[in-house]
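Right, one structure below, let's go through it.
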Amino acid sequence: MKIRYFGHSALQIKTDKHEILIDPFLDDNPVSPVKSKDVKPDFVILTHGHGDHLGDSLKIGKRDNPLFICVNELAEWLKSKGLNAHNMHIGGSKKFDFGTVKFTIAHHGSITPDGQYAGEPAGVILNIDGKTLYHCGDTGLFYDMKLIGETNNIDYMFVPIGDNFTMGINDAVRAVEFVKPKVAVPIHYNTFPIIEAEPEVFKNKIESNGFSCQIIKFGEEIEV
Ligand code: NI
Ligand code: MN
């Protein structure tokens, strides 16, 4: 599969048959070279309802009619806007055509842009083409990440490092120690001045702990 990073928390996963987006914040994302007109997902996974994660969901949803996958309350809100959504919740997993989705806890908030309660924020574990990906969503550090690491063999962990709204670099380094992924990828940094962070500093700390880190440039695609 191919994974493309758009900056912030936005990822595109392409398999032989499917295009999956996570948190498609594109048109208003100042660092993304890719805009909503350039994508055509058949699935969209959302970690929570904040505008920098919901992103262009309504626009893309009305245009391409993908299946949105997220927690119940946010799924109901998407349905109220006429979109196609599958309701899940934290701790539950489900197999879809492209692979398996499981939601995890995340310590953060969640509300839709029009002020509706959007349920609990989440992280998500995906099993696609034999690889396990853990996108932490927006979260502070929590000790149960250890359990997530012990019960899932995480290949790629997408971990926020930008501080202020989420973990900063030092906590993100602890998070990687808890989860023990094969590769850690920093996200949620340098989109805005308030979340400026130096991914090379994170990478150096991770590597001196014996873990590996891949910095994916905004817009760059990796083969996994
Ligand atoms: Ni958020
Ligand atoms: Mn965010």
Side-chain angles (χ1 to χ4, degrees), residues 3-13 20-32 34-36 39 44-61 68-78 81 85 88-90 101 103-126 133-142 144-145 148 156-172 175-176 184-199 202 215-216 218-219:
I3 300 177
R4 191 167 188 193
Y5 178 48
F6 299 134
H8 212 58
S9 283
L11 296 178
Q12 177 191 55
I13 299 167
I20 304 118
L21 299 181
I22 303 178
D23 289 354
F25 176 53
L26 303 172
D27 291 350
D28 294 334
N29 178 344
V31 300
S32 179
V34 171
K35 298 299 167 191
S36 63
V39 297
V44 179
I45 297 166
L46 299 177
T47 62
H48 62 295
H50 287 159
D52 58 319
H53 296 258
L54 188 72
D56 305 298
S57 289
L58 296 184
K59 195 184 291 180
I60 293 168
F68 285 82
I69 303 169
C70 55
V71 299
N72 178 68
E73 294 82 356
L74 185 54
E76 287 300 317
W77 182 80
L78 293 167
K81 304 291 181 192
M88 289 184 69
H89 232 301
I90 290 161
V101 176
F103 284 101
T104 71
I105 59 169
H107 291 298
H108 193 66
S110 187
I111 195 166
T112 64
D114 58 2
Q116 298 297 306
Y117 173 64
E120 292 295 306
V124 64
I125 297 172
L126 302 174
L133 317 175
Y134 172 31
H135 185 299
C136 299
D138 278 0
T139 186
L141 178 64
F142 57 93
D144 282 357
M145 282 181 168
I148 291 172
Y156 283 80
M157 177 182 182
F158 297 87
V159 51
I161 66 163
D163 220 340
N164 194 79
F165 301 111
T166 68
M167 294 182 274
I169 286 175
N170 290 340
D171 282 353
V176 172
V185 179
I187 61 170
H188 212 272
Y189 66 92
N190 291 353
T191 325
F192 309 108
I194 187 89
I195 56 169
E196 264 170 22
E198 193 41 74
F202 173 72
I215 297 169
I216 311 178
F218 304 152

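Every number for a ligand or one of its atoms is a count from 1 in the order of the listing.
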**Message:** Please determine whether ring pair (Phe, Tyr, Trp, His ring centres under 6.0 Å) holds for the pair Phe218 and Tyr189, giving the CA-CA distance in whole Å, both sets of side-chain angles, and the decisive distance to 0.1 Å.
**Reply:** CA-CA 11 Å; Phe218 304 152; Tyr189 66 92; 5.6 Å; yes
**Asked** Is Lys59 paired with Asp27 through a side-chain N to carboxylate O contact shorter than 4.0 Å?
**Response** yes
**Item:** Ring centres under 6.0 angstrom apart (His135, His188)
**Value:** no
**Prompt:** Would one find an N, O or S atom of Asp138, in either backbone or side chain, under 2.8 Å from the Ni ion (ligand 1)?
**Reply:** yes
**Message:** As a test of reading the structure, name the N/O/S atom of His53 that is nearest the Mn ion (ligand 2).
**Reply:** NE2
**Request:** Among the N/O/S atoms of Asp138, select the one at the shortest distance from the Mn ion (ligand 2) and name it.
**Result:** OD2
**Request:** Using atom types as modelled and distance alone, determine if a side-chain donor or acceptor of Asn29 lies under 3.5 Å from a backbone N or O of Phe6.
**Result:** yes
**Prompt:** Do any of the N, O or S atoms of His50 sit under 2.8 Å from the Mn ion (ligand 2)?
**Reply:** no
**Prompt:** Would you say His53 reaches the Ni ion (ligand 1) with an N/O/S atom under 2.8 Å?
**Reply:** no
**Message:** Taking N, O or S atoms only and a limit of 2.8 Å, check whether His8 reaches the Mn ion (ligand 2).
**Reply:** no
**Item:** Verdict with supporting geometry, Asp138 and Thr166, side-chain hydrogen bond (donor to acceptor under 3.5 Å, both in side chains)
**Value:** CA-CA 6 Å; Asp138 278 0; Thr166 68; 5.7 Å; no
**Request:** Give me the ring orientation class for His53 and His48: parallel if the planes are under 30° apart, tilted from 30 to 60°, perpendicular past 60°.
**Result:** tilted
**Inter-residue atom distance Ile195.CD1 - Asp52.CG, 0.5 Å rounding** = 7.5 Å
**Request:** Provide the atom name of the closest N, O or S atom of His50 relative to the Ni ion (ligand 1).
**Result:** ND1
**Fill in**
For His48, the N, O or S atom at the shortest distance from the Ni ion (ligand 1) is NE2
**Request:** Calculate the angle formed at the Mn ion (ligand 2) by NE2 in His188 and OD2 in Asp52; 10° precision is enough.
**Result:** 100°
